[in-house]
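This is a predicted model, so every value here is computed, not measured.
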Amino acid sequence: MASPRTITIIALSVALGLFFVFMGTIKLTPRLSRDAYNEMKRAYKSYVRALPMLKKMGVSSILLRKSIGALEVACGIVMTLVPGRPKDVANFLLLLLVLAVLFFHQLVGDPLKRYAHALVFGILLTCRLLIARQPEEQPPEKRILSVNGDEQPLIHEAAPERGKMKVS
């Protein structure tokens, strides 16, 4: 049976991956929701207006929206389907993307209700990354010493805590 840690990582990976595929698709095409797509277009226009440096670099609102959407879709697919280290890389990229989006929302003065989802999913991405990067705990081996035909645990394992002796 899989450990609770493994189940948690898989559940978070699939849920986060599907969410970012969905959100990235909304940024790329109006097929899922025309209203959400139009709202994204309006929001990204305000982000580019708030950062004139992007315009000087030749980054239009369309290019910014589509590149962020494509990155979300790609990383979401990796989070959902690809095993191993690529998931952690996709997780990290999405976390950076969420931080950039939070910066954009703050820059244009959006109220909390407009970016609360980004905040929540940023926290979930952070939790998934921290859980995935922790080493898996290995159960201690039980070593048994056979004395006169009786099996007994070794002395250091028989004591409840290190440095303390059991007094009866």
Side-chain angles (χ1 to χ4, degrees), residues 1-140:
M1 185 173 151
S3 71
R5 175 184 172 271
T6 303
I7 293 169
T8 303
I9 292 171
I10 291 171
L12 279 172
S13 296
V14 170
L16 289 167
L18 291 175
F19 171 78
F20 281 103
V21 167
F22 176 73
M23 290 305 292
T25 304
I26 286 176
K27 288 177 179 81
L28 295 173
T29 180
R31 287 186 181 165
L32 293 179
S33 171
R34 184 164 300 282
D35 291 338
Y37 176 76
N38 290 333
E39 179 60 29
M40 290 291 178
K41 284 172 55 174
R42 186 207 59 75
Y44 277 86
K45 284 179 184 174
S46 68
Y47 301 156
V48 170
R49 265 186 260 124
L51 273 175
M53 160 182 89
L54 289 175
K55 267 221 178 315
K56 288 179 185 175
M57 293 171 35
V59 177
S60 67
S61 65
I62 295 169
L63 179 63
L64 182 65
R65 178 176 43 86
K66 289 192 176 201
S67 60
I68 287 177
L71 188 60
E72 284 180 348
V73 169
C75 289
I77 289 170
V78 170
M79 290 276 293
T80 305
L81 300 175
V82 179
R85 177 145 323 243
K87 266 188 209 266
D88 293 343
V89 173
N91 191 149
F92 184 73
L93 289 174
L94 286 171
L95 189 55
L96 291 177
L97 205 58
V98 166
L99 290 173
V101 168
L102 288 171
F103 171 74
F104 287 145
H105 282 289
Q106 285 295 308
L107 190 66
V108 297
D110 283 341
L112 178 63
K113 69 180 184 177
R114 296 243 327 131
Y115 62 90
H117 71 282
L119 197 55
V120 169
F121 281 94
I123 292 168
L124 287 173
L125 284 167
T126 303
C127 290
R128 191 228 163 261
L129 193 60
L130 290 174
I131 293 168
R133 300 309 305 156
Q134 285 181 343
E136 187 136 2
E137 290 183 17
Q138 300 293 329

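Residues meeting the side chain to side chain donor-acceptor pair (under 3.5 Å) test with Arg31, sequence neighbours left out: none. Partners of Thr6 under the side chain to side chain donor-acceptor pair (under 3.5 Å) rule, at least two apart in sequence or in another chain, are Ser3. Residues passing the side chain to side chain donor-acceptor pair (under 3.5 Å) test with Asp110, sequence neighbours excluded: His105. Qualifying side chain to side chain contact (heavy atoms under 4.5 Å, CB included) partners for Ala36, counting only residues two or more places apart in sequence or in other chains: Ile26, Ser33. Considering only residues two or more places apart in sequence or on other chains, Val73 meets the side chain to side chain contact (heavy atoms under 4.5 Å, CB included) condition with Thr25, Leu28, Ile77.
Using a 4.5 Å cut-off on side-chain heavy atoms (C-beta onward), Asn38 and Lys41 make contact. The closest side-chain heavy-atom distance from Leu93 to Leu97 is not below 4.5 Å. The side-chain heavy atoms of Tyr115 and Val120, taken from C-beta on, include no pair separated by under 4.5 Å. The side-chain heavy atoms of Glu39 and Arg114, taken from C-beta on, include a pair separated by under 4.5 Å.
At most 12 non-hydrogen atoms from other residues, nucleotides or ligands lie less than 6.0 angstrom from CD1 of Ile62. Shown here is Arg5, whose CZ atom has more than 12 heavy atoms of other residues, nucleotides or ligands within 6.0 Å. More than 12 heavy atoms of other residues, nucleotides or ligands lie within 6.0 Å of CZ in Phe19, so this atom counts as buried by the packing criterion.
The stretch residues 74-87 participates, sequence neighbours left out, in no salt bridge (charged side-chain N to carboxylate O under 4.0 Å, His left out) pair at all.
Side-chain rings of Tyr47 and Tyr44 approach one another, their centers coming within less than 6.0 Å.
Contact between Val98 and Gly122 at its shortest, heavy atoms only, is CG1-CA, 3.7 Å.
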